[in-house]
K.L.:
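My questions will all concern the structure given below.
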Amino acid sequence: MYSDKVMDHFTNPRNVGEIADADGIGEVGNARCGDIMKLWIKVDGDVITDIKFKTFGCGAAIATSSVITEMAIGKSVTEAEQITNQQVAEELHGLPAVKMHCSNLAAEALAAAIEDYRKKAAADSAS
Ligand code: FES
């Protein structure tokens with residue numbers, strides 16, 4: 001049912017944790033199941049240099065959270081916010097159709113963290 005890559009990221013998730021001095025934080029919930037993901041980003045000169053996440057959710061949610069951190073580190077915030085849940089699923093060599101909604105959580109949490117980073121950066125430059 002799940003690809004080997006999904007199982008790998010589920011059993012050995014990358015970049016789990018928190019960043020104390022994060023530049024952006026995103027927290028989203030999946031309305032369909034109640035699962036929650038929180039994600040922290042560090043940004044240096046518009047490039048995402050570090051990401052950590054905590055996901056209270058199903059195996060597909062944990063695997064997509066893990067793989068999106070690998071996809072986004074090293075990208076500019078503009079590139080990273082364009083990562084779609086479809087791309088996340090493709091990176092994992094596919095998800096079962098009933099689990100596709102789980103991949104929304106990762107893409108939405110990353111987008112929320114980038115939005116938070118932009119708001120903070122705008123507030124800093126205004127002060
Ligand atoms: Fe909730 Fe997968 S069942 S995110």
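All residue numbers in this chain count up from 1 along the given sequence. Atoms within each ligand, like the ligands themselves, are counted from 1 in listed order.
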K.L.:
Examine all N, O or S atoms of Cys33, backbone included, and report whether one is under 2.8 Å from atom 1 (Fe) of ligand 1.
P.N.:
yes
K.L.:
Any idea which atoms of ligand 1 are less than 4.0 Å away from a heavy-atom of Cys58?
P.N.:
2 (Fe), 3 (S), 4 (S)
K.L.:
Have a look at ligand 1 and work out which part of Lys99, if any, has a heavy atom under 4.0 Å from it: side chain, backbone, both or neither.
P.N.:
side chain
K.L.:
Only heavy atoms of Asp35, strictly under 4.0 Å: list the atoms of ligand 1 that pass.
P.N.:
1 (Fe), 2 (Fe), 3 (S), 4 (S)
K.L.:
Has the side chain of His93 got a donor or acceptor atom that lies under 3.5 Å from a matching backbone atom of Glu90?
P.N.:
no
K.L.:
Suppose the criterion is side-chain hydrogen bond (donor to acceptor under 3.5 Å, both in side chains): which pairs have a residue in residues 35-44, not counting sequence neighbours?
P.N.:
Asp21-Lys42
K.L.:
Counting backbone and side-chain atoms alike, is an N, O or S atom of Cys102 positioned under 2.8 Å from atom 2 (Fe) of ligand 1?
P.N.:
yes
K.L.:
Go through ligand 1 atom by atom and flag the ones less than 4.0 Å from a non-hydrogen atom of Ala61.
P.N.:
4 (S)
K.L.:
Under 4.0 Å from a heavy atom of Asn30: give me the atoms of ligand 1 that qualify, with their elements.
P.N.:
4 (S)
K.L.:
Taking all heavy atoms of Thr49 and all of Val43, pick out the closest pair and write down the distance.
P.N.:
OG1-N, 4.3 Å
K.L.:
When you measure from the side chain of Ser76 to the backbone of Val47, do you find a donor-acceptor pair of N or O atoms at a distance under 3.5 Å?
P.N.:
no
K.L.:
Do Lys5 and Glu91 touch side chain to side chain, with heavy atoms closer than 4.5 Å?
P.N.:
yes
K.L.:
Please lay out, stage by stage, how Glu70 and Arg14 fare under the test salt bridge (Lys or Arg N to Asp or Glu O under 4.0 Å).
P.N.:
CA-CA 8 Å; Glu70 289 193 329; Arg14 324 306 196 254; 3.5 Å; yes
